[in-house]
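What follows is a single structure, written as structure tokens, with notes after it.
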Amino acid sequence: MMKNSLTNKMKKEFDDIPISQEKIDGAIEAALKRGNKKKLFSGRGVSTYLGAAMILLGLLAGSAVISPTMAEMVSKIPYLNQLFQSEEPGFGKFGMEDLTEKGYNVSNFGIDYRTKTIHVGIEGTQAYYDEVKNEIKNLVSEAFKEQGMDAFKVKISRVDQDKRSEEPSTDQQKKIDEYIRRSSELEKSIMTELKRKGFDIRSAHVRINDIEKFIPLEVLVSEKRIDEMKEIVKEIAAEKETGEFKIKVYKIDPIKEEAEQRWSPVISTIAQGLMGKKDFHVKGVGYSFYPSPLTITIKTSVKSSEPDTEKIAEKIEMEVRRFIESDEVKDKVKDDPYNIIVYSKDKKEIN
Amino acid sequence: MSLEKKIKKVKKGSKQAFQDLIQDEKNKLYRMAFIYVKNENDALDILQETIYKAFISIHSLKDPQYFSTWMMKILINNSLDFLKKRDRVIPFEKVEDQKNHQYQKMEEKMDLIEAIKKLDEQYKTVIILRYYRDMTIKQIAEILQCPEGTVKTNIHRGLQKLKITLGEECI
């Protein structure tokens, strides 16, 4: 009896405590954002979880016969899905912010995929640099290893503030400004004229500088009067500028463009994940929507004559397909068809 | 989507799934925090800290069924931690304030929530969990990690104190 009346009374009064839904949702959003950044970086639970996944994948790779239960188990924790961040594509789940949050004076953070090297630039005195250099190096390489990426070297360097703040001399600056002014003027004339004549033109980002005189034209695929358009552009350029311009036409398909936007975080995750893990032997990842359907090309460093080439190609393709077919990614890329081609070092298709 | 599936998604890092999960809970969680700290800003801070901790440590949640109680446990711990820290520092003006407060207290018309806010932590928590969140003695004992007997005693004493403050007829 007593419980009921107290319960009712309490519930009523509790639910009368005023709230601001906006503030509550804001607090939640902030917490999740903070959590997302940290998640794969510092959670001990996560690392054991990932570790287990890696061991399983390793086992799988070693055994030719894959039992269905085993495959099912592994498919629950796909490597690429762990790296995927649909909102802010970056370097998996680790970046510069994770270092600055820890109080380090980091001025740049990037990955050179050609050499598979992570570059971290540190600001400050030589003494500070000597002090934190190894700490940061370990931190970064651990964080990437934790995410399953073991192929990257970490290189720490000191950013000399004096050098960095060195600005181009005023003469140079004047020259650059002048180039920019001329480029944008020509661009404007071209755009106005072409639009007036009813061409389906998207952009004309003119580049005038020491090295080149270049007019890239982005037009919709539906536009057929390409030669006519090039003539007009040539005339306008001759009127405004001296010298020969290189003119190049890029065709844009708005439908494909949209698809490209859907795919871009997915592809960058694939690229990073494949290149970041030694076992895949991947040197580069490319993609093209022209011609349809989307083709993802993966270049490896294995020779087609080597005995386990096929196995590696198969492993790569499986990993990528499993990622693309996962719920999370499917939501994003709809049902766009796609092809995967894996190349060997000697440029043969090996999948 | 089932609770289990959602939690699986959260484990993969999905913010959206987490937001879905706490959709029904978030206001209750905020209100509980508010009861402890008695002001909006601190309650929001505690809510944020709770969500953050839950999100990054969701892997330690073994059974999806316990998600709701698990969240509450984190919230309560955060609130108590916060109070411990805050109470170590009492600004000087407050000391004067508290003296005067003693006299005013009896005259104030007290409603239930005010009375609960004024309870000591050990009574406050069990009363909220029992009567606001409808939890069983057993569940409360699990959350607070103490024997069921202690929970019963604290509920009993808490109610006694409420009665004294509010007068018999209110409860």
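Bear in mind the structure is a predicted one, so any value in this text is a computation, not a measurement. Residue numbers begin at 1 in each chain, while the letters A, B, ... track the order of the sequences.
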B/Q16 versus chain A, the contacting section by heavy-atom distance below 4.5 Å: neither
Go through A/E29 and B/K15 one step at a time and tell me if the salt bridge (Lys or Arg N to Asp or Glu O under 4.0 Å) criterion holds. CA-CA 9 Å; A/E29 184 60 36; B/K15 275 159 59 178; 3.5 Å; yes
Interchain contact, A/D327 with chain B, by part (heavy-atom threshold 4.5 Å): side chain
Could you point out which residue of B/N77, B/N78, B/D45 forms a side-chain hydrogen bond (donor to acceptor under 3.5 Å, both in side chains) with B/T50? B/N78
Given that the side chain runs from C-beta out, which part of B/Y132 has a heavy atom under 4.5 Å from chain A: side chain, backbone, both or neither? both
B/I116 versus chain A, heavy atoms under 4.5 Å apart: side chain, backbone, both or neither? side chain
Checking A/K12 against A/D16 for the salt bridge (Lys or Arg N to Asp or Glu O under 4.0 Å) test, could you report, in this order, the C-alpha distance in whole Å, the side-chain angles of both residues, the deciding distance, and whether it holds? CA-CA 6 Å; A/K12 205 197 147 299; A/D16 284 344; 2.9 Å; yes
For the CD1 atom of A/I324 and the OG1 atom of A/T269, what is their distance to the nearest 0.5 Å? 10.5 Å
Side chain, backbone, both or neither: which part of B/L47 has a heavy atom under 4.5 Å from chain A? side chain
Let's go through B/R133 and B/E25 carefully: what are the C-alpha distance in whole Å and the side-chain angles of both, what is the deciding distance for salt bridge (Lys or Arg N to Asp or Glu O under 4.0 Å) to 0.1 Å, and is it a yes or a no? CA-CA 11 Å; B/R133 305 306 303 257; B/E25 294 279 326; 3.0 Å; yes
When heavy-atom pairs shorter than 4.5 Å are enumerated against chain B, which of A/E13, A/M10, A/K11 gives the highest number? A/E13
Report which part of B/K117 has an atom under 4.5 Å of a heavy atom belonging to chain A: side chain, backbone, both, or neither. neither
B/I35 versus chain A, the contacting section by heavy-atom distance below 4.5 Å: side chain
Salt bridge (Lys or Arg N to Asp or Glu O under 4.0 Å) for A/R34 and B/E49? Distances and angles first, verdict last. CA-CA 10 Å; A/R34 194 150 59 97; B/E49 199 56 30; 3.1 Å; yes
